[in-house]
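Everything below concerns the one structure shown next.
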Amino acid sequence: MFEDLSQNIQEAFRKLRGHGKLTDDDINKALKDVRMALLSADVNYKIVRDFEKAVKARALGTEILSNLTPAQSVIKIVDEELANLMGGKAAKLNISSRPPTIILMVGLQGSGKTTSAGKLALLMKKQGKRPALVAADIYRPAAIKQLQVVGEQADVPVFTEDIKDAVQIAKDSIKFADKHARDVLIIDTAGRLQIDERLMQELKDIKETVKPHEILLVVDSMIGQEAVNVAETFHNALGVNGIVLTKLDGDARGGAALSIKAATGCPIKFVGMGEKLEALEIFHPDRMASRILGMGDVLSLIEKAQSTIDAKTAEKMVKKIKADEFTLQDFLEQLQQVKKLGSLNDLLGMVPGLGGLKKKLTGVDLDLDGKEVKHMEAIILSMTPKERQDTSIIDAKRRKRIAMGSGTKVADVNKLLKQFEEMRKMMRKFKTTQAQQQASKKVKGKKGKIKKGKNTKPKMPTLPNLGGLLGQLGSKFPFKK
Ligand SMILES: Nc1nc2c(ncn2[C@@H]2O[C@H](COP(=O)(O)OP(=O)(O)O)[C@@H](O)[C@H]2O)c(=O)[nH]1
Ligand SMILES: [Mg+2]
């Protein structure tokens, strides 16, 4: 995501860092580089001009912070102005005090409406809501089926009706919500290849009839500046409350993300980061700005890990590792947990200072969702519980059976068992180093204590352990694509 932009801006600042004191000339040069980076990211030139003006006024002015170097001050200003450009604070959904809250998904064909509807349903479900999906894309039978599949994956009911009247379907879905105690309705609508009067009228009619609390425009970020035009048109016709910017995972430039709020006044509320149902994130302009500037995004990372990794499971694993009782069954559970996080490369991009490493790692991505992991999973699943508990009983005959059962070769089974053995060895080592560290901490006394302040990050005790595990996996399991 935003690799090109990120790299160009960071390059501009790298030049500044060498300087102790900054002249106006230094700052002007750096800002010119930032301007070029934004322009080549496909940000509208007027927006870039205003942005530069705002930064310059602060950077060349009196704003010098005593605890920062001049270069850091400039970076901080750019960080804040980038966040402002994208809307400042995260914008929330309008939730109706009288359920159901009605959310209307609109946008061009292929922008990701159906996928995002499902992702949003899952997200809201995780927040304790009871959403239902509504199939109001009546022009293609496949569209209804697609929504049903998504609904099934998210375990959310899908309201369909066998009539060719999207307005009526939307209207009837409210009764459905009342009857089934659903407090959120997410209405998926028909796509259009470009702005089409007839379909736009249909959206207006749906809006008039059901009075949605939230009209979410779904926009594909890969279309760059065109995304801004699309957003303007939809906003003028319908009055859009928020934007879901999809396919950010494939967007190296970031033009749409940076321009759309400034150009249309509509805030981005969510971003799509992949095809998976979990790949929808609440959009935080400040975090996004820091991510672009390469400061990492620890908060997002922690939140992601927190929502995905079941803390209890993680704790259990750590206990087992410490007691040297880690079995293949545990490994399988760990794999399944980690898999939910998505590609390790995505995670690396969020860790401060590791963003650059990510680029170098392309090609050797630890694709935790890839074929290799599926193979490993299949192999372990083909073992009996006893075998998973104690690998020493897995003789040649058993290996053959496991390979057959999992659709792999005996060599694959052998490889997995060998890797697992190596991993356990590593874990034993890990255990001893941890014990040593603990011992030395005790000697040092209270030094480890962190003072509570306003910048205290939420506690995430299981993350370091997971990090350790990922490290083990990384060094021992070259999951190449
Ligand atoms: N990589 C990626 N693909 C996405 C994202 N959102 C949607 N897609 C894909 O884009 C395609 C079109 O999505 P769909 O929901 O059918 O679009 P619709 O026509 O607006 O309903 C599908 O192949 C989705 O899997 C995203 O955030 N990232
Ligand atoms: Mg669709």
Side-chain angles (χ1 to χ4, degrees), residues 1-3 103-123 133-154 156 158-160 166 169-170 173 185-196 199-200 202-203 206 215-224 226-227 230-231 233-234 238 240 242-257 260 268-283 288 291 300 304 341-343 345-346 349-350 362 365 367-370 481:
M1 192 193 63
F2 303 168
E3 297 85 353
I103 302 173
L104 191 61
M105 310 291 287
V106 303
L108 295 182
Q109 192 166 324
S111 59
K113 287 181 300 299
T114 306
T115 314
S116 301
K119 288 175 174 176
L120 187 59
L122 181 67
L123 193 75
L133 290 160
V134 181
D137 179 355
I138 47 168
Y139 301 98
R140 294 176 307 135
I144 298 172
K145 181 79 200 143
Q146 188 193 354
L147 192 70
Q148 280 169 331
V149 170
V150 163
E152 207 165 288
Q153 284 171 351
V156 163
V158 179
F159 177 73
T160 63
I169 293 172
S173 72
L185 282 173
I186 303 171
I187 306 176
D188 183 30
T189 62
R192 41 228 79 211
L193 281 172
Q194 63 257 336
I195 311 295
D196 168 317
L199 282 168
M200 200 58 98
E202 182 179 284
L203 290 179
I206 295 178
I215 299 182
L216 284 182
L217 172 65
V218 182
V219 187
D220 179 343
S221 68
M222 309 276 282
I223 63 176
E226 183 54 21
V230 169
T233 313
F234 271 92
L238 287 167
V240 168
I243 288 168
V244 181
L245 197 59
T246 62
K247 309 184 196 178
L248 231 59
D249 49 315
D251 180 16
R253 303 206 291 170
I260 220 162
I268 300 171
K269 293 194 174 173
F270 299 96
V271 288
M273 299 292 291
E275 296 198 43
K276 279 199 187 174
L277 224 49
E278 287 84 8
L280 186 77
E281 293 178 10
I282 295 170
F283 183 68
M288 191 57 84
R291 218 145 127 180
S300 285
K304 193 168 180 182
L341 283 170
S343 140
N345 251 352
D346 289 348
M350 289 194 241
T362 332
D365 184 11
D367 185 8
L368 295 164
D369 190 31
K481 270 188 198 158

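Counting convention: from 1, in listed order, for ligands and their atoms alike.
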Judged by non-hydrogen atoms, does Leu248 sit under 4.0 Å from ligand 1? no
What is the closest protein heavy atom to atom 14 (P) of ligand 1, and at what distance does it sit? Thr115 OG1, 3.4 Å
Short side-chain to backbone donor-acceptor contact, Lys113 and Gly107, under 3.5 Å: yes
What I want to know is whether Ala279 and ligand 1 share at least one N or O pair that is separated by under 3.5 angstrom. no
Rounded to the nearest 0.5 angstrom, the OG1-CG distance for Thr246 and Asp251 is 10.0 Å
Check this for me - ligand 1, Thr246, N or O atoms closer than 3.5 angstrom, yes or no? no
Identify, for atom 25 (O) of ligand 1, the protein heavy atom at the shortest distance, and state residue, atom and that distance. Glu275 OE1, 3.0 Å
Taking Thr114 for its side chain and Leu147 for its backbone only, find out whether a donor-acceptor pair lies under 3.5 Å. no
Is the shortest distance from a heavy atom of Gln146 to ligand 1 less than 4.0 Å? yes
I need the single residue from Val240, Ile187, Ile186, Leu120 that forms a side chain to side chain contact (heavy atoms under 4.5 Å, CB included) with Leu216. Which is it? Leu120
Measure the distances from the heavy atoms of Ser111 to every atom of ligand 1 and state whether one is below 4.0 angstrom. yes
Do any of the N, O or S atoms of Gln109 sit under 2.8 Å from the Mg ion (ligand 2)? no
Inspect the surroundings of CD in Glu152 and state if more than 12 heavy atoms from other residues, nucleotides or ligands are less than 6.0 Å away. no
Minimum side-chain heavy-atom gap Val149-Gln146 below 4.5 Å: no
Using a strict cut-off of 4.0 Å, indicate which atoms of ligand 1 neighbour a heavy atom of Leu108. 20 (O)
Residue from Asp137, Leu199, Leu104 passing side chain to side chain contact (heavy atoms under 4.5 Å, CB included) with Thr189: Leu104
Please confirm whether Asp249 comes under 4.0 Å of ligand 1, counting heavy atoms of the residue only. yes
Is there side-chain contact between Leu185 and Phe159, with at least one heavy-atom pair below 4.5 Å? no
Is Gln109 close to ligand 1, meaning an N/O of one under 3.5 Å from an N/O of the other? no
Any atoms of ligand 1 less than 4.0 Å from a non-hydrogen atom of Gly272? List them with their elements. 27 (O)
Judged by non-hydrogen atoms, does Gly110 sit under 4.0 Å from ligand 1? yes
Taken to the nearest 0.5 Å, the spacing of Met273 CE from Lys119 NZ works out to 9.5 Å
Given 3.5 Å as the limit, does a donor-acceptor pair link the side chain of Lys269 with the main chain of Phe283, or not? no
Between Glu202 and Tyr139: side-chain donor-acceptor atoms closer than 3.5 Å: yes
Note the single closest protein heavy atom to atom 17 (O) of ligand 1, along with its residue, its atom name and the distance in Å. Gly112 N, 3.1 Å
Can you find an N or O of Thr114 that's nearer than 3.5 Å to an N or O of ligand 1? yes
Considering only heavy atoms of Met273, which atoms of ligand 1 have at least one such atom less than 4.0 Å away? 27 (O)
Heavy-atom proximity to atom 9 (C) of ligand 1 ranks first, among Lys247, Lys276, Arg140, for Lys247
